[in-house]
Amino acid sequence: MQHIEYILQQAVAEAFMALFEVVILPSDIKFSPTRKEFEGSHTLTCFQFAKQTGKAPDKVGTEIGTFLKQNCSCVSEFNVVKGFLNITISDTYIIKYTCNNFRKNTFDYPTNGQKVMVEYSSPNTNKPLHLGHLRNNFLGFAVANVLKANGYEVIKANLINDRGIHICKSMIAYQKYGNNETPDTTGLKGDKLVGKYYVEFDKQSKVIKSELLEKGCTEEEAEKLNPLMLAAQNMLVDWENGDDQVIALWKKMNGWVYQGFENTYTSIGVSFDTYYYESNTYLLGKEIVEEGLKNGVFYQKDDNSVWIDLTEEGLDHKLVLRSDGTSVYITQDMGTADLKYKDFGIQKSIYVVGNEQDYHFNVLFHILTKLKRPYASGLHHLSYGMVDLPMGKMKSREGTVVDADDLVNEMKAEAEKQTTELGKIDSFSASEAQQLYHTIGLGALKYFLLKVDPKKRMLFNPTESIDFHGNTGPFIQYTHARICAIARKSNELNITYDHNFDSLVLQQCEKNIITHILLLEKTLKQAGDDYSPALIANYVYDLAKLYNSFYGEVSIFQDPDSLKVAFRSMISVYTGHVIKYCLALIGIDAPERM
RNA sequence: GAUCCCGUAGCUCAGCUGGAUAGAGCAACUGCCUUCUAAGUAGUAGGUCAUUGGUUCGACUCCAAUCGGGAUCACCA
């Protein structure tokens with residue numbers, strides 16, 4: 001069954017031809033939802049056609065409307081207000097569409113044969129995940145789902161920053177102050193334990209620095225002479241030389257961190273198809289520098305450092321290889337980009353990274369374009385805004401970081417509190433109840449972080465953000481649970497759906513739901529094109545609102561007309577499927593009772 | 001200093017790529033549970049879309065300038 005939008009586009013194009021002999025491509029005809037103060041569901045704005053037709057917009061609207069009503073069985077009514085043609089879709093169409101589709105529980109586009117990699121999470125192994133990482137993880141996971149639903153084959157990748165001076169700092173501090181603690185002996189999660197020593201390093205080196213300053217050192221000398229800092233730098237050199245002891249410690253501590261991360265990933269419901277480690281990729285890219293020098297994309301200075309001139313692109317000169325021949329960050333990113341392409345033959349590659357690195361990715365993509373990489377046009381930096389706290393930015397050194405595990409646990413505790421107060425799940429076993437609290441708490445958190453346009457920075461207020469009412473995840477989950485209760489009752493009552501519904505006259509609140517479901521395809525496409533799960537979040541919220549409105553307005557089972565009972569039951573089931581599907585796209589579980 | 005992003009109700013956010021009288025939620029106030037889950041629902045109130053110009057039939061949306069907030073501009077990652 002053809003989608004109403006497509007049918008209308010064809011019909012309007014036909015109308016233009018028949019009435020005005022004007023050729024307009026069906027795909028160029030755009031409809032917007034009719035404002036609720038007017039009759040109808042699809043609106044065509046006619047101002048833009050005034051020139052081509054030589055008629056006033058309202059005249060065009062009236063003539064097109066008349067044509068549609070006569071020639072298109074899906075259109076039952078129309079009205080024209082100023083230059084706006086408001087179209088009412090026939091009940092027959094809506095009913096038929098509902099009957100044909102209400103059992104569907106997936107709305108994915110067919111595969112398009114394209115492969116895309118979504119790199120996200122990409123943590124450092126020196127500290128645990130925090131609120132900022134959560135936005136990244138939820139976004140990356142959701143974008144991967146959305147792209148998959150748009151027909152792509154998706155590879156989720158995690159590029160782990162497992163080497164460098166930061167991890168050496170944790171290692172030095174652990175060597176000096178660690179007393180051979182382990183996650184087992186302390187009961188701490190591995191990432192928390194390692195993070196503890198990263199903080200310890202910072203603390204101790206501050207103490208040492210102030211001692212040096214008291215002895216009369218300058219700021220600069222204190223920095224340089226700091227034995228802890230020197231030890232960390234030495235350790236980095238030892239690591240690069242493959243020193244057995246250093247490598248062993250590095251492996252041990254990173255191992256703890258990975259267990260901790262895995263634990264968190266499982267808890268927040270994200271996953272990866274492949275992992276890259278910087279310890280394996282940090283030397284990549286040097287051959288690319290040589291290649292670029294040969295074909296003149298890069299140039300070399302007298303001191304042997306290698307650069308690229310991006311002034312024509314509105315950027316600057318950028319270093320790609322140090323004078324001592326070692327790589328910088330962007331060198332290994334070039335190498336890693338090649339590696340990803342070699343490994344998976346991807347057409348698109350999405351980097352989910354904060355907007356503080358906008359410049360970096362701008363440069364990287366320009367370089368890869370200049371190097372004529374076949375995948376260059378498919379590169380995209382999904383740049384998301386920072387998550388601010390009421391007191392400003394999170395600073396790990398000032399202890400204002402909101403820890404990811406803690407936050408999830410707080411949300412879960414709040415879910416337990418509120419669920420217990422409502423007392424609706426007395427029949428649940430203890431483990432079922434725990435599972436539900438987690439689902440609700442996590443749903444609230446995910447929805448909160450995903451409903452905002454990724455590009456925008458956002459505010460997270462720990463006290464106020466834990467709300468389960470209104471525009472929240474639990475509200476949508478609740479609507480789903482409510483629908484499941486309806487579906488259960490429909491089953492109990494043995495309600496069947498294969499009736500002739502021709503005589504049925506629909507109510508506005510019923511039509512509103514189906515009309516909104518008709519927008520799903522478009523929304524999903526848009527969310528894929530824009531890499532914006534927020535569109536899905538807002539869409540499903542609106543659907544839940546429409547359903548609750550319907551739920552309050554009509555009685556589903558009390559109606560004497562059995563056709564109405566059956567159809568309302570169908571609408572409920574249909575809405576439930578769409579809600580569950582959309583929530584799954586953004587990584588949220590839809591409970592059947594709550 | 002240069003470049004980029006942002007500025008919509010008291011607060012947090014939408015606004016479908018230029019269309020109608022700018023929408024939700026929270027907070028405040030008023031109704032609705034003996035009937036399908038009230039984590040709900042119906043309503044009231046709340047706005048000079050930062051400011052000023054420009055483009056046109058029409059601007060929250062596009063352009064320019066100004067003000068305010070943020071980020072980036074390392075032989076750091």
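Nothing here was measured: the structure is a model prediction, and the numbers come from that model. In the text below, chain A, chain B and the rest are named by the order of the sequence lines, each starting its count at 1.
- Side chain A:Asn86 to base B:A20: a donor-acceptor pair is found below 3.5 Å.
- Relative orientation of the A:Phe31 and A:His42 rings is perpendicular, given thresholds of 30° and 60° on the angle between their planes.
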Donor-acceptor pairs are to be reported for all side-chain atoms of residues 526-533 of chain A against protein atoms at under 3.5 Å, with residues two or more places apart or in another chain.
unit_1   : atom_1 : unit_2   : atom_2 : d
A:Gln526 : NE2    : A:Asp530 : OD2    : 3.1
A:Asp529 : OD2    : A:Lys525 : NZ     : 2.9
A:Tyr531 : OH     : A:Lys348 : NZ     : 3.2

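- By the 30° and 60° cut-offs, the orientation of the rings of A:Phe84 relative to A:Phe47 is perpendicular.
- Below the 3.5 angstrom threshold, one finds a donor paired with an acceptor across the side chain of A:Thr43 and the base of B:A20.
- In this structure, A:Arg593 forms no cation-pi arrangement with A:Phe428, as its terminal cationic atom is not both closer than 6.0 Å to the ring centre and no more than 45° off the ring axis.
- Nearest-nucleotide mapping onto RNA chain B: of A:Glu278 and A:Asn471, the residue sitting toward the 5' end is A:Asn471.
- B:G1 is paired with B:C73 under the criterion used here, namely a Watson-Crick or G-U wobble arrangement in which both key atom distances are under 3.5 Å.
- Taking atom C1' in both B:A59 and B:A77, the straight-line distance is 43 Å, to the nearest Å.
- Rounded to the nearest Å, the gap between the C1' atom of B:A71 and that of B:A27 is 32 Å.
- At B:C5, none of the side-chain N or O atoms of A:Ser383 fall inside 4.0 Å of OP1 or OP2 (strictly under the cut-off).
- Both thresholds, 5.5 Å between centres and 30° between ring planes, are not jointly met by A:Tyr541 relative to the base of B:A24, so the two rings are not stacked.
- A:Ser32 contributes no side-chain N or O that forms a donor-acceptor pair with the base of B:C16 under 3.5 Å.
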